[in-house]
*Asks:* 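Here it is, the structure, as structure tokens.
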Protein chains: 2
Amino acid sequence: MIRLLLADDQALVRGALAALLDLERDLEVVAQVGRGDEVVSAALAAQADVALLDVEMPGLDGIAAAAALRAGAPSCRSLIVTTFGRPGYLRRALDVGASGFVVKDTPAEQLADAVRRVHSGLRVVDPDLAVASLTVGDSPLTEQETRVLTLAADGGTVAQVAGEAHLSEGTVRNYLSAAMGKTGGRTRAEAVRIARDNGWL
Amino acid sequence: MIRLLLADDQALVRGALAALLDLERDLEVVAQVGRGDEVVSAALAAQADVALLDVEMPGLDGIAAAAALRAGAPSCRSLIVTTFGRPGYLRRALDVGASGFVVKDTPAEQLADAVRRVHSGLRVVDPDLAVASLTVGDSPLTEQETRVLTLAADGGTVAQVAGEAHLSEGTVRNYLSAAMGKTGGRTRAEAVRIARDNGWL
DNA sequence: AGGTCGGCATGACATTCGTCATCTCGCCCC
DNA sequence: GGGGCGAGATGACGAATGTCATGCCGACCT
């Protein structure tokens with residue numbers, strides 16, 4: 001009997017996944033949480049074998065949660081289940097010790113198999129995404145560029161970003177300029193979009 | 001026995017919802033599609049009573065699909081099930097004749113009840129969203145403003161948008177300026193964000 | 001000590017943007 | 001025919017943005 005933990009911020013999806021997986025004879029959902037920062041404690045309390053983690057979650061994102069699991073509950077393997085097939089997500093997830101990465105586009109029948117493979121120590125990776133991850137490569141952005149770009153992502157002015165980042169206004173422009181150069185975007189907004197699509201944010 | 005049609009572009013979510021709803025004695029999933037433009041034909045072929053429609057779908061979005069259902073398969077009621085609780089979505093969905101609107105945050109147990117209520121002719125509306133819809137109101141943007149803002153949404157420059165829209169460069173700026181005024185955003189990107197959050201795009 | 005390098009700031013410059021008043025043209029209405 | 005009206009265009013102007021060269025400073029070699 002494989003003991004499962006579900007982490008997804010959408011209660012409906014969580015419950016539906018639980019229903020789907022509980023249909024399998026050898027699977028058992030023993031915990032559900034809606035926030036990333038509750039994953040480790042729930043995994044410990046429920047003695048979960050495998051954690052299904054969404055990437056977009058309040059508190060702690062799924063990748064960070066996988067890292068926390070690795071540290072705090074090493075016997076629990078993690079399988080990232082996410083809406084967005086961003087190459088950077090896959091790379092970061094594997095870097096952090098996740099055992100599997102599945103996008104929500106995959107047929108429902110394959111999920112249980114993915115869980116079993118992960119539980120038996122194998123790695124499960126979406127093949128399309130794997131090649132995308134290779135062609136796109138790692139994020140070319142430095143830490144600061146990422147930070148500034150993230151702050152600028154919701155459309156604030158340079159002055160606002162400079163204030164939030166405790167940087168000079170000119171420096172912010174420099175970082176944004178560098179980020180635009182590296183992403184190939186001609187505009188700040190375009191750079192944000194490209195970085196998002198690649199999972200670099 | 002209530003016959004259900006599921007429409008969601010994410011196969012995993014679709015399958016999971018099917019598993020969840022099939023647990024109920026009086027519910028039966030008779031069709032599943034991954035695109036909005038397959039909804040009507042599938043509903044007719046399967047003689048569905050209620051259609052669960054996601055908003056974000058390729059081909060035709062869930063709201064347009066609900067409208068198409070109203071016209072092409074009037075005996076099938078539609079229940080919008082969406083990730084994003086955008087007030088504008090709710091309003092448009094109701095305008096178009098949808099019988100219910102549920103966000104994916106709601107507990108899984110309530111979904112079956114929502115389906116039953118919709119089937120019996122009642123309307124199901126998320127109460128929080130209903131008040132939000134009242135306070136936010138309808139989109140203040142004109143058709144052109146919406147179009148230009150949508151084109152500008154992915155970060156292109158004014159010249160690009162002008163080319164795609166077959167408008168003068170100055171006119172584009174005028175529309176963007178108007179859109180920023182109406183949304184309250186100080187920046188083009190911010191206007192995009194606000195319009196998106198309200199479901200005006 | 002000297003040298004190099006990365007993070008941050010500064011200043012100057014050409015574009016681009018956001019704003020506004022104004023003009024044209026087609027359309028509807030009386 | 002005349003008057004309004006809305007969509008689109010134009011032009012001008014100040015502010016914000018994108019780009020680049022340069023200066024400063026602390027860290028880290030050797």
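In the text below, chain A, chain B and the rest are named by the order of the sequence lines, each starting its count at 1.
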*Asks:* Please determine whether salt bridge (Lys or Arg N to Asp or Glu O under 4.0 Å) holds for the pair Asp54(B) and Arg14(B), giving the CA-CA distance in whole Å, both sets of side-chain angles, and the decisive distance to 0.1 Å.
*Replies:* CA-CA 10 Å; Asp54(B) 192 6; Arg14(B) 219 162 60 218; over 6 Å; no
*Asks:* Report, as yes or no, whether the 6.0 Å neighbourhood of atom CZ on Arg117(A) holds more than 12 heavy atoms from other residues, nucleotides or ligands.
*Replies:* no
*Asks:* Considering just the side-chain nitrogens and oxygens of Ser168(B), establish if one lies under 4.0 Å of OP1 or OP2 belonging to dT10(D).
*Replies:*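 Result: yes.
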*Asks:* Could you state the atom-to-atom distance from CZ of Arg186(B) to P of dG14(D) in whole Å?
*Replies:*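 Arg186(B) atom CZ is separated from dG14(D) atom P by 19 Å.
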*Asks:* Measure from CD on Glu169(B) to P on dG18(C) and round the result to the nearest Å.
*Replies:*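 Result: 12 Å.
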*Asks:* Measure from the side-chain heavy atoms of Thr157(A) and tell me the nearest of dT10(C), dC8(C), dT17(D).
*Replies:* dT17(D)
*Asks:* When you match Thr142(B) and Ala189(A) each to their closest nucleotide on DNA chain D, which lands nearer the 5' end?
*Replies:* Thr142(B)
*Asks:* So which of residues 170-183 of chain B are in contact with DNA chain D, with a heavy-atom cut-off of under 4.0 Å?
*Replies:* Gly170(B), Thr171(B), Asn174(B), Tyr175(B)
*Asks:* Step through the shown structure and confirm whether more than 12 heavy atoms of other residues, nucleotides or ligands are within 6.0 Å of CD on Glu164(B).
*Replies:*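 Counting neighbours around CD of Glu164(B), more than 12 heavy atoms of other residues, nucleotides or ligands fall under 6.0 Å, so yes.
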*Asks:* Apply salt bridge (charged side-chain N to carboxylate O under 4.0 Å, His left out) to Glu24(A) and list each qualifying residue two or more places apart in sequence or on a separate chain.
*Replies:* Arg116(A)
*Asks:* Which whole-number value in Å describes the distance from Arg188(B) CZ to dT15(C) C1'?
*Replies:*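 Going from CZ in Arg188(B) over to C1' in dT15(C) covers 13 Å.
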*Asks:* Where the side chain of Lys104(A) meets the backbone of Gln10(B), is there a donor-acceptor pair that is under 3.5 Å apart?
*Replies:*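 Between the backbone of Gln10(B) and the side chain of Lys104(A) there is no qualifying donor-acceptor contact (under 3.5 Å).
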*Asks:* Quick one: closest heavy-atom pair of Glu145(A) and Ala178(A), and the distance?
*Replies:*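 Answer, listing the atom of Glu145(A) first, then Ala178(A): OE2-CB, 3.4 Å.
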*Asks:* Are Gln144(A) and dG7(C) close enough that a side-chain N or O sits under 4.0 Å from OP1 or OP2?
*Replies:* no
*Asks:* Could you state the atom-to-atom distance from CD of Glu143(A) to C1' of dC8(C) in whole Å?
*Replies:* 14 Å
